[in-house]
Structure formats: C-alpha cells, structure tokens
Amino acid sequence: MRDKLSTMKSPIPPLNTAELLHRAWAVAGLNLQELALRANWTLPPGSLVHHKGWVGKLIEWHLGATGESKAQADFPKLGIELKTIPVDQQGRPLESTYVCTAPALASLHELYWEDSWLKRKLSHVLWLPLEGMRDKPIAERRLGAPLLWRPSLDIEQVLRQDWEELLSLLFLGEPAKIRAHYGRYLQLRPKAAHSRIVNTHYDSEGNLQVSTPKGFYLRTSFTSEILQHHYG
DNA sequence: ACTTGATCATGG
DNA sequence: CCATGATCAAGT
C-alpha cells in the first residue's frame, strides 16, 4: 500500500552502475518493516495475495528505478532490469520469475532474437533476493545481497533456443495448445487478470485462434542455478 | 515437493 | 486494454 500523502521522496535514478550497486548493498539485510518505514509506506496485511507487486515497487522506490509501468528497463539509462526474487532460508528461489509479455501477433522485428524484448530485458539484471517463505511475517522478511548478472554465452544460447521454440509455438502452432512445460530455462504461462481474457487471431489457414495472453517466465530451476553459481 | 495455470493491484 | 510488479493455489 502506497501512502499517497507521503512527503518522502524516492531517490533520483542512480547515475551509474556503481551507484546502483551501492544503494542495493545499503538495503541488503534490512527487512520489509524497515524498508516500508523509510519510504513511509504501509505494510500489507498477512498475505500478499492482494498486494502481489508491493514488494517489487517498494524495492524500486528505494533504488530510484524509473521504468514505471512502461515497456522499458527499470533503469533506462543503465539498461539494467531489477528483479526481486523470493527465496527460502537457503537462498533458493521459491517462484518462477516473470520477464515480459509474449507478443500476440508476429511483427517482423519480433522474429529476431537479437532485437527481442526478452533478450534486452535479460541482458543485464540486478537480482535482489528477498525472503519469501509464506510462514514468515511480511514485516520480517529480509533482503539479501544483490547480484548484478549478465547471461553467459552458453546461457544465452539456451535462452535463444527456448525463445525460438516458444515463438514458433505461438505463431506457427496452435497457441491454445501451449503448455508451461515447453522450454528449458524459459516457459510460457498465462499472464492476464483472469482466464476469461483471450487473444484472437486468424492462422495461415484462416482459422480463428483463441488463446489466453501469455508471458515469458524464467523457471525456478534456472534462477536457482544463477543464484547458486554466484553465492555458492 | 514441485509445476502449471490462474489471479491481484496499479498506472498509462 | 495492456504493460508493469508478481504470488497464489490447484493439479500432478
């Protein structure tokens, strides 16, 4: 819950990567009660079910992210994407990570990995682990050490293969038959307010295709590898 | 235990 | 409506 009467001001965007990292380290180890207090935000009650984006917005506030609700990086000048990731006591991710919505219709530039939204978003990510155990009160959940990450060449190759496979399912197959098990690191899952929302288009044979809007997600097993590789 | 499919709030 | 930020909870 964001307090609109708040006079507290979010920091201006970091001028460079070092400053961003410095800010991230400055909040590492703090819990959500302390972070909410500093921002003058109100903590949500017991569950995040009605406040799913609250934690992410709070972290954005503290670091001075300016991406807003637009299709751009959280730190446009730095080209860095911020991802808060819920982890257990061992630092292992508890959930998959949403990346971006999947295009509903193929436009030419969407067909090239090098130009893709997904590649841009994943080219430079600041991971911020946050305790996400459901039995831990929200106020007591602590932020972990930040990790500034770029995909290795090997990883990017797999991401590209996944992306190409999933895109071909979207545009050459039957989108309604897409299941979340496709993809090694990536997966396509519903991404909408609810399941009655549908995209419609005509396939190459003129048949009407109806399917739920999809988003690209990083599998929990993949983000677990990323964090383990770094933190050991 | 883990994954898949569904869902919630907000801003432009 | 669609993008952002995600987590929930049913299914396997």
Side-chain angles (χ1 to χ4, degrees), chain A residues 1-4 6 10 32 35-36 39 41-76 80-90 92-105 107 110 116-118 120-122 125-138 141 143 166 169 175-201 210-225:
Chain A
M1 292 170 218
R2 178 140 181 212
D3 187 339
K4 308 230 176 207
S6 171
S10 174
L32 290 179
L35 292 169
W41 286 21
T42 311
L43 278 164
S47 160
L48 291 175
V49 60
H50 294 301
H51 304 276
K52 293 184 180 182
W54 185 85
V55 169
K57 293 296 182 193
L58 180 62
I59 307 305
E60 285 186 350
W61 187 95
H62 278 277
L63 299 186
T66 56
E68 301 167 353
S69 280
K70 299 172 187 168
Q72 60 178 280
D74 294 304
F75 302 98
I80 294 176
E81 179 74 13
L82 173 66
K83 287 291 177 196
T84 57
I85 183 167
V87 296
D88 65 15
Q89 287 174 333
Q90 283 75 240
R92 287 177 302 222
L94 290 165
E95 288 286 348
S96 54
T97 301
Y98 168 70
V99 182
C100 59
T101 52
L105 291 168
S107 56
E110 288 286 355
S116 72
W117 191 358
L118 185 98
R120 277 200 307 273
K121 284 214 156 191
L122 294 182
V125 178
L126 179 64
W127 298 98
L128 278 181
L130 174 82
E131 290 180 321
M133 300 83 84
R134 293 190 195 179
D135 57 358
K136 182 141 190 166
I138 293 170
R141 297 180 187 178
L143 265 181
L166 296 173
L169 287 170
K177 290 188 179 173
I178 289 174
R179 292 291 175 275
H181 65 258
Y182 294 109
R184 180 171 159 201
Y185 291 168
L186 296 176
Q187 58 182 175
L188 275 172
R189 301 229 304 280
K191 176 61 175 171
H194 52 77
S195 56
R196 282 103 61 203
I197 295 178
V198 291
N199 289 145
T200 60
H201 76 275
V210 176
S211 62
T212 165
K214 301 290 194 298
F216 286 109
Y217 292 75
L218 303 179
R219 291 183 179 281
T220 307
S221 54
F222 173 54
T223 54
S224 189
E225 282 183 31

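Only heavy atoms go into these numbers, but all of them, side chains included; no hydrogens, no water, no symmetry mates. Every chain is numbered from 1 and lettered A, B, ... according to where its sequence line falls, protein lines coming before strand lines. Everything numeric here is computed off the predicted structure, so don't read it as measured data.
dT7(B) atom P lies 25 Å from atom CH2 of Trp54(A), rounded to whole Å. The distance between atom CG of Asn199(A) and atom P of dC2(C), rounded to the nearest whole Å, is 7 Å. One atom, NE2 of His194(A), and another, P of dT10(B), lie 16 Å apart when rounded to the nearest Å. One interatomic measurement links the two molecules: NZ of Lys83(A) to C1' of dA6(C), which rounds to 8 Å at whole-angstrom precision. The interatomic distance linking Lys57(A) (NZ) with dA6(C) (C1') rounds to 10 Å, in whole Å. One interatomic measurement links the two molecules: CG of Leu188(A) to P of dA6(B), which rounds to 14 Å at whole-angstrom precision. Spacing between atom CD1 of Ile138(A) and atom P of dT7(C) amounts to 10 Å, rounded to whole angstrom units. Remark: C1' of dA6(C) and CG of Leu32(A) are 14 Å apart, rounded to the nearest angstrom.
Using a 4.0 Å heavy-atom distance criterion, Gly53(A) is classed as a base contact. Counting any heavy atom pair closer than 4.0 Å across all strands shown, Tyr182(A) reaches no nucleic acid atom. Within 4.0 Å of Pro86(A), counting heavy atoms only, lie sugar-phosphate atoms of the nucleic acid but no base atom.
In this structure, Cys100(A) and Leu130(A) both approach DNA chain C, and ranking their closest nucleotides by distance from the 5' end singles out Cys100(A). Comparing Arg219(A) and Ala193(A), the nucleotide of DNA chain B nearest to each residue sits closer to the 5' end for Arg219(A).
Side-chain nitrogen and oxygen atoms of Trp117(A) include at least one within less than 4.0 Å of the OP1 or OP2 phosphate oxygen of dT4(C). Taking 4.0 angstrom as the limit, Ser195(A) places a side-chain polar atom (N or O) nearer than this to OP1 or OP2 of dT7(B). Within the 4.0 Å cut-off from OP1 or OP2 of dA9(B), at least one side-chain nitrogen or oxygen of His50(A) is found. Distances shorter than 4.0 Å separate some side-chain N or O of Gln187(A) from OP1 or OP2 on dT4(B). For Lys121(A) and dG5(C), the shortest distance from a side-chain N or O to OP1 or OP2 is below 4.0 Å. The side chain of Thr101(A) places an N or O atom within less than 4.0 Å of a non-bridging phosphate oxygen (OP1 or OP2) of dA3(C).
Residues Trp117(A) and Lys121(A) are in side-chain contact: their nearest non-hydrogen atoms beyond the backbone lie under 4.5 Å apart.
Proximity of a side-chain donor or acceptor of Thr220(A) to a complementary backbone N or O of Ser96(A) within less than 3.5 Å is detected. Under the 3.5 Å distance criterion, the side-chain polar atoms of Asp74(A) are matched with a main-chain donor or acceptor of Leu82(A). Using a distance-only test at 3.5 Å, with no hydrogens or angles considered, no donor-acceptor pair links the side chain of Lys83(A) to the main chain of Gly56(A). Glu60(A) places no side-chain N or O within donor-acceptor distance of the main-chain N or O of Ala65(A), the cut-off being under 3.5 Å. A donor-acceptor pair is defined here as one N or O able to donate and one able to accept, closer than 3.5 Å; no such pair exists between the side chain of Arg179(A) and the backbone of Leu188(A). Lys191(A) contributes no side-chain N or O that, together with a main-chain N or O of Arg189(A), makes up a donor-acceptor pair within less than 3.5 Å. Checked by atom type and distance alone, the side chain of Arg219(A) never pairs as donor or acceptor with a backbone atom of Gln187(A) at under 3.5 Å. Distance alone, capped at 3.5 Å, is enough to place a donor-acceptor pair between the Ser10(A) side chain and the Trp61(A) backbone.
A donor-acceptor contact under 3.5 Å is not formed by the side chain of Tyr98(A) with the base of dA3(C). No hydrogens or angles were tested; on distance alone, nothing pairs the side chain of Lys214(A) with the base of dG5(B) as donor and acceptor under 3.5 Å.
Looking at residues two or more places apart in sequence or on another chain, you find a salt bridge (Lys or Arg N to Asp or Glu O under 4.0 Å) between Glu131(A) and Lys136(A), Arg142(A).
From one end of the helix from dA1(B)-dT12(C) to dG12(B)-dC1(C) to the other, with five pairs defining each end axis, the axis direction shifts by 20° (rounded to 10°).
Here dG5(C) is the nucleotide among dT4(B), dG5(C), dA6(C) with the atom lying nearest to any side-chain atom of Glu60(A).
Atom CG of residue Leu122(A) and atom CG of residue Leu186(A) lie 7.0 Å apart, to the nearest 0.5 angstrom.
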Please list, pair by pair, any protein nitrogen or oxygen found under 3.5 Å from a nitrogen or oxygen in nucleotides 8-12 of chain C.
from   : atom 1 : to        : atom 2 : distance (Å)
dC8(C) : OP2    : Arg134(A) : NE     : 2.8
dC8(C) : OP2    : Arg134(A) : NH2    : 3.4
dC8(C) : N4     : Glu95(A)  : OE1    : 3.1

